[in-house]
Q: 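I'd like to ask some things about the structure below.
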2 protein chains.
Amino acid sequence: METDEGDETDAGVSTTRKTFAILEALAETDGLTITELTRRTGLSKSTVYRHLATLTDMGYVVERDGEHYIGFRLLEISEQARNRETGYAAAKRTVFELGQETGERAVFTVEERGEAVYLHRYGSRSNTLIGERRPLHTLASGKAILAEWDDDAVARFVAETGLEAITDNSITDPDELRTELEAIRERGYAVNDQEHMDGLRGVAVPVYTPDDDLLGALGVFGPTSRFKDEALHEELPTRLRDKADEIRVTLAYG
Amino acid sequence: METDEGDETDAGVSTTRKTFAILEALAETDGLTITELTRRTGLSKSTVYRHLATLTDMGYVVERDGEHYIGFRLLEISEQARNRETGYAAAKRTVFELGQETGERAVFTVEERGEAVYLHRYGSRSNTLIGERRPLHTLASGKAILAEWDDDAVARFVAETGLEAITDNSITDPDELRTELEAIRERGYAVNDQEHMDGLRGVAVPVYTPDDDLLGALGVFGPTSRFKDEALHEELPTRLRDKADEIRVTLAYG
DNA sequence: AATTGATATCCCGTATCACGAGATAGGTAT
DNA sequence: ATACCTATCTCGTGATACGGGATATCAATT
């Protein structure tokens with residue numbers, strides 16, 4: 001009876017869902033009032049009030065002049081996730097160095113639940129990127145990760161998530177994805193040519209632990225004008241591989 | 001009737017508290033099994049099971065081989081808190097530079113609910129520090145923040161939180177704290193002489209926004225052997241003030 | 001001053017729903 | 001074959017989270 005899929009919409013603890021609905025609304029727009037939160041969540045006024053009171057009491061929400069904000073205590077929990085494997089922490093410095101040295105934006109990406117998650121970033125004026133999720137098949141780092149999977153796993157990914165087109169260049173055909181991943185395995189690095197955003201190219205390589213487990217992917221991206229020819233296919237891939245090796249060495253010998 | 005203090009222990013939504021009890025247990029020790037979680041939280045097995053199912057469904061917890069981990073999705077929410085004010089993001093790079101240039105550990109600290117919270121750090125082998133909370137009066141950065149408050153606010157802080165002694169050098173006397181804060185206001189920087197940990201000294205300065213609001217405190221710390229004489233009272237304070245000004249300028253002119 | 005409108009806070013009866021005990025199933029070691 | 005771990009599911013019951021509405025508070029408007 002494992003084929004009972006269908007309505008897994010709202011199983012479980014509904015109160016917990018309400019709590020996170022409020023937290024997510026606060027994350028989206030900071031400094032909301034209670035009535036504004038009732039509007040956005042669709043919950044009743046008193047429900048929002050009680051949940052906020054609880055969250056505030058626990059320190060996960062702070063209130064100032066009637067406006068509510070996500071409290072820093074949530075950082076305490078989520079940072080544990082980010083530092084789960086020491087490798088994730090080791091990648092932090094590497095991303096910074098990579099950004100400094102190349103003058104481009106750099107990221108360290110991992111996969112979770114079939115999506116790419118940014119764990120570290122350098123550059124990008126955009127306010128945040130950390131923790132944000134993107135479709136694996138539209139990023140250089142995402143494709144670098146997919147290339148590490150076996151065919152079954154990739155097929156499952158395609159079946160479950162699909163290949164959404166974000167730009168005209170996004171890969172949407174499963175066969176095309178397969179040949180692309182094969183090419184990535186061949187040359188050891190992945191390239192993203194405006195598959196996630198027009199005018200933006202990227203390069204990425206997989207990062208391994210000393211035990212040869214996949215840790216994540218290290219990548220840089222920037223405007224097409226600077227990402228072409230030798231830079232795109234020689235200089236950056238080489239530099240990325242060096243940095244990926246550095247992480248592995250750091251993990252092995254502290 | 002605002003003097004009804006006393007049993008504000010477990011008001012509010014108890015289910016939410018259970019949810020976070022589980023999340024906190026997972027944050028403390030990664031990769032716990034359900035039965036292990038029941039032991040640590042004191043909740044019943046089926047309760048833990050249902051909560052975990054809900055959290056996993058929402059993506060806040062991930063499960064691998066029967067072991068449960070905090071999911072990266074929580075980062076998505078808490079990073080919003082960290083980047084609430086653009087100043088917090090601006091401080092990130094400054095902390096890194098400060099650490100590189102001085103070769104010491106550097107932190108950016110803010111106050112929330114009467115405690116010091118680390119928002120950025122450089123150095124420190126210790127696995128994480130981000131989001132962790134410390135008593136204000138035992139840190140250089142904490143005292144730098146306290147020195148910005150008026151006497152009433154400080155008195156309220158002392159009354160509510162007390163002045164716990166963490167080391168022999170910790171300030172425990174309210175009068176001593178007052179004179180210390182006055183001295184900090186005079187010279188513009190705060191010094192911590194083994195008030196938080198034996199063998200550790202620190203220096204910190206307040207960081208202001210272009211509107212002269214207090215953003216947080218910027219500090220460095222390290223072994224007493226390197227933190228003395230001119231370094232402690234000339235070189236580092238000057239450098240810190242420069243960096244704090246840089247943040248302010250960045251905020252004003254992008 | 002008086003009125004309006006927006007907010008947060010509180011109360012309470014009701015129905016929901018989260019709860020724990022126990023039963024089942026699946027796996028591993030003895 | 002037995003014992004002993006796990007995770008998962010079911011179910012009846014009682015706690016409790018729920019929303020409607022009443023009240024309080026404050027600011028702006030008249």
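Each chain gets a letter, A, B and so on, in the order the sequences are listed, and its residues count up from 1.
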Q: So is B:Arg73 actually on top of B:Tyr60's ring, under 6.0 Å and inside 45° of the axis?
A: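 That pair qualifies as a cation-pi contact.
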
Q: Between A:Arg156 and A:Trp149, is any pair of side-chain heavy atoms under 4.5 Å apart?
A: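 Side-chain contact under 4.5 Å: no.
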
Q: Could I get a table of every N or O pair under 3.5 Å where one atom is in the protein and the other is in nucleotides 25-28 of chain C?
A:
none

Q: Less than 4.5 Å apart, side chain to side chain, heavy atoms only: is that true for A:Phe20 and B:Leu74?
A: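 Yes, side chains in contact.
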
Q: Which heavy atom of B:Arg113 sits nearest a heavy atom of B:Glu111, and at what distance?
A: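 Closest approach of B:Arg113 to B:Glu111: N-OE2, 3.5 Å.
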
Q: What stems involve DNA chain C, if each pair must be Watson-Crick or G-U and both of its distances must be under 3.5 Å, with 3 or more such pairs in a row?
A: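 If one scans DNA chain C for consecutive Watson-Crick or G-U pairs, the stems found are C:1-30 with D:1-30.
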
Q: Base, backbone or nothing for each nucleotide of nucleotides 4-9 of chain C, written B, S, -, heavy atoms under 4.0 angstrom, 5' to 3'?
A: ---SBB

Q: B:Thr15 vs B:His51, test: side chain to side chain contact (heavy atoms under 4.5 Å, CB included). Steps then yes/no.
A: CA-CA 9 Å; B:Thr15 304; B:His51 276 260; 3.6 Å; yes

Q: Evaluate the side chain to side chain contact (heavy atoms under 4.5 Å, CB included) criterion for residues A:Phe108 and A:Thr94: first the C-alpha distance (whole Å), next the side-chain angles of each, then the deciding distance (0.1 Å), finally the verdict.
A: CA-CA 9 Å; A:Phe108 179 72; A:Thr94 307; over 6 Å; no

Q: Would you kindly give the CG-to-C1' distance between A:Leu43 and C:dT16, to the nearest whole Å?
A: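 Taking atom C1' of C:dT16 as the reference, CG of A:Leu43 is at 15 Å.
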
Q: Between A:Lys18 and B:Val48, which is nearer to the 5' end of DNA chain C once each is assigned its nearest nucleotide?
A: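 It is A:Lys18 whose nearest nucleotide is closer to the 5' end.
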
Q: Please step through side chain to side chain contact (heavy atoms under 4.5 Å, CB included) for the pair A:Ile130 and B:Phe72, ending with a clear verdict.
A: CA-CA 9 Å; A:Ile130 304 300; B:Phe72 291 122; over 6 Å; no

Q: Round to the nearest Å and state the distance from A:Asp65 atom CG to D:dT25 atom P.
A: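 That distance rounds to 18 Å.
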
Q: Under 4.0 Å from OP1 or OP2 of D:dA17: is there any side-chain N or O of A:His51 that close?
A: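 No.
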
Q: Has A:Arg64 got its NZ or CZ under 6.0 Å from the middle of the six-membered ring of A:Tyr69, at an angle within 45 degrees of the ring axis?
A: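 A:Arg64 over A:Tyr69 ring: yes.
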
Q: Give the rounded distance in Å between these two atoms: CZ of A:Arg50 and P of D:dT16.
A: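 The answer, rounded to whole Å, is 13 Å.
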
Q: Under 4.0 Å between a Lys/Arg side-chain N and an Asp/Glu carboxylate O for B:Arg40 and B:Glu36?
A: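 Yes, charged N to carboxylate O under 4.0 Å.
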
Q: Provide, to the nearest angstrom, the distance between the CZ atom belonging to B:Arg39 and the C1' atom belonging to D:dT6.
A: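 These atoms are roughly 15 Å apart.
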
Q: Below 4.0 angstrom, N of the basic side chain to O of the carboxylate: do B:Lys143 and B:Glu180 qualify?
A: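 Answer for the salt bridge query: yes.
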
Q: Let me confirm one number: the CG-OG1 distance from B:Leu163 to B:Thr138, rounded to the nearest 0.5 Å.
A: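 Answer rounded to 0.5 Å: 10.0 Å.
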
